[in-house]
Amino acid sequence: MPALLNEIAATALRLFVWLALLTALFVPLERWFGARHPVRTGRQRLHDLAYFVISSLVPVVVLAAPMALLAAAAQHVVPAALIEAIGRLPAAARIALAFVIAEAGFYWGHRLSHELPWLWRFHALHHSTEHMHFLANTRSHPVDMVVTRLFGLVPLYLLGLASPGMAGSGTPALLLVAGTLWGFFIHANVRWRLGPLEWLVTTPAFHHWHHSRRDHINRNYASTLPVLDRLFGSHYLPRHWPAEVGTDTPQAPSLGGQLLDPLLPGDRAARAGG
């Protein structure tokens, strides 16, 4: 019991420190460089904190066991010669290969969450924020988080590019931290355009168009590499910013309703009071 309590305390401390650092970085940037939006209500702020905790803990807990099984299964599914050849690559090459493969997987996991109605039931929650801000990054249903991560991580485990011991995610620690931080950045309310860099990496403008309420919500799926959207015909990045973000899919006002509604059959609009 003491060991469990110590682990819980350590996890809570890590989350608090991470949230404090993110807040110290992004709140001033959004205040100085963002569009003017109404101040979020107390309930909305509590939901932000709740989803921050949920998104930090659920993937680690849920994915640890299946990822370990995949790592073991890879020995029987993938040719040993291929895994050995990848293992002989220089560390930098392995990290770069893992990054590109994971990004391609995340792209298709994200795209299918828009194109398949049963996945959109869960992903719609992420699009329900009506004003972009950095914590919108973690406003996601646990099922949506797990499914999307599986698309990116399964190939890494099968090819021996990841192991169960890496923070439960299977990606090298450096890529995990950098990718997570970049996710907060592209959701942040900062009106920056990065010129030629927008060909190389995703930006707030790129991702804000993905969150536009109707016309372009099915574009710009990449989390880091916009070349994937160019390659698969889903890229859209004009010079102006979207006038409106959000979704027409009804969402329950309560946190419990938002988490339970996608799991229930029937009319979500009726349950959400729409």
Closest contact, heavy atoms only, [X] versus [Y]:
X: Leu112; Y: Leu119; value: O-CD1, 3.8 Å
X: Leu259; Y: Pro142; value: CD2-CD, 3.7 Å
X: Ser128; Y: Gln251; value: CB-CG, 3.6 Å
X: Arg45; Y: Val39; value: NH2-CG1, 3.4 Å
X: Tyr107; Y: Ala222; value: CD1-N, 3.9 Å
X: Val245; Y: Pro242; value: CG1-CG, 4.4 Å

Open item on the list: For His187, run the side chain to side chain donor-acceptor pair (under 3.5 Å) check against His208, Arg139, His126 and tell me which one passes.
Closed with: His126

Is there a donor-acceptor pair closer than 3.5 Å between any side-chain N or O of [X] and the backbone N or O of [Y]?
X: Arg191; Y: Gly34; answer: no
X: Glu30; Y: Asn189; answer: yes
X: Arg121; Y: Pro262; answer: yes
X: Glu103; Y: Thr224; answer: yes

Open item on the list: Counting C-beta onward and ignoring hydrogens, is there a side-chain heavy-atom pair between Arg40 and Thr129 closer than 4.5 Å?
Closed with: no

Can you label the angle between the [X] ring and the [Y] ring as parallel, tilted or perpendicular, going by 30° and 60°?
X: Phe52; Y: Phe184; value: tilted
X: His127; Y: Trp120; value: tilted
X: His110; Y: His123; value: perpendicular

Open item on the list: Ring centroids only, cut at 6.0 angstrom: are His207 and His210 within range, meaning strictly under it?
Closed with: yes

Open item on the list: Run the ring pair (Phe, Tyr, Trp, His ring centres under 6.0 Å) test against His141 and tell me which residues pass, sequence neighbours left out.
Closed with: Phe122

TODO: Please identify each residue that fulfils ring pair (Phe, Tyr, Trp, His ring centres under 6.0 Å) with Trp209, with sequence neighbours left out.
DONE: His216, Tyr236, His240

If you measure from [atom1] on [X] to [atom2] on [Y], what distance do you get to the nearest 0.5 Å?
X: Leu228; Y: Ser234; atom1: CG; atom2: OG; result: 8.5 Å
X: Arg230; Y: Phe232; atom1: CZ; atom2: CZ; result: 14.0 Å
X: Asn137; Y: Asp48; atom1: CG; atom2: CG; result: 11.5 Å
X: Leu158; Y: Ile101; atom1: CG; atom2: CD1; result: 10.5 Å
X: His114; Y: Asn218; atom1: NE2; atom2: CG; result: 6.0 Å
X: Thr249; Y: Ile217; atom1: OG1; atom2: CD1; result: 7.5 Å

ILVMFWY network linking [X] to [Y], side-chain heavy atoms under 4.5 angstrom:
X: Phe33; Y: Phe206; result: no
X: Phe26; Y: Val190; result: yes
X: Leu237; Y: Met132; result: no
X: Trp32; Y: Phe185; result: yes

Open item on the list: Among residues at least two apart in sequence or on other chains, which ones pass side-chain contact (heavy atoms from CB on, under 4.5 Å) with Arg31?
Closed with: Val27

Open item on the list: What verdict does the side chain to side chain contact (heavy atoms under 4.5 Å, CB included) test give for Leu156 and Leu153, after you've listed the backbone C-alpha separation in whole Å, the side-chain angles of each residue and the deciding distance to 0.1 Å?
Closed with: CA-CA 5 Å; Leu156 300 187; Leu153 300 182; 4.3 Å; yes

- [ ] Please go through Trp199's hydrophobic cluster and name the other residues, only I, L, V, M, F, W, Y counting, with side-chain heavy atoms under 4.5 Å joining them.
- [x] none

- [ ] Would you please test Thr203 and Leu197 for side chain to side chain contact (heavy atoms under 4.5 Å, CB included) and show each step?
- [x] CA-CA 9 Å; Thr203 62; Leu197 283 177; 6.0 Å; no

Task: side chain to side chain contact (heavy atoms under 4.5 Å, CB included) partner of Glu244, the single match among His211, Glu130, Arg214 - done: Arg214

TODO: Only counting residues at least two apart or in another chain, list the ones meeting salt bridge (Lys or Arg N to Asp or Glu O under 4.0 Å) with Arg43.
DONE: none

Open item on the list: Does this structure show an ion pair linking Asp229 with Arg219, if we count only N-O contacts that are shorter than 4.0 Å?
Closed with: no

- [ ] Report the C-alpha separation of Ser113 and Asp144 in whole Å, then their side-chain angles, then the decisive distance to 0.1 Å, and conclude whether the side chain to side chain contact (heavy atoms under 4.5 Å, CB included) test is met.
- [x] CA-CA 8 Å; Ser113 72; Asp144 179 37; 4.2 Å; yes

Open item on the list: Applying side chain to side chain contact (heavy atoms under 4.5 Å, CB included) to Leu181 and Leu22, what does each step give before you reach the verdict?
Closed with: CA-CA 8 Å; Leu181 185 60; Leu22 290 170; 3.8 Å; yes

Open item on the list: Which residues pass the side-chain hydrogen bond (donor to acceptor under 3.5 Å, both in side chains) test with Thr202, not counting sequence neighbours?
Closed with: Trp182

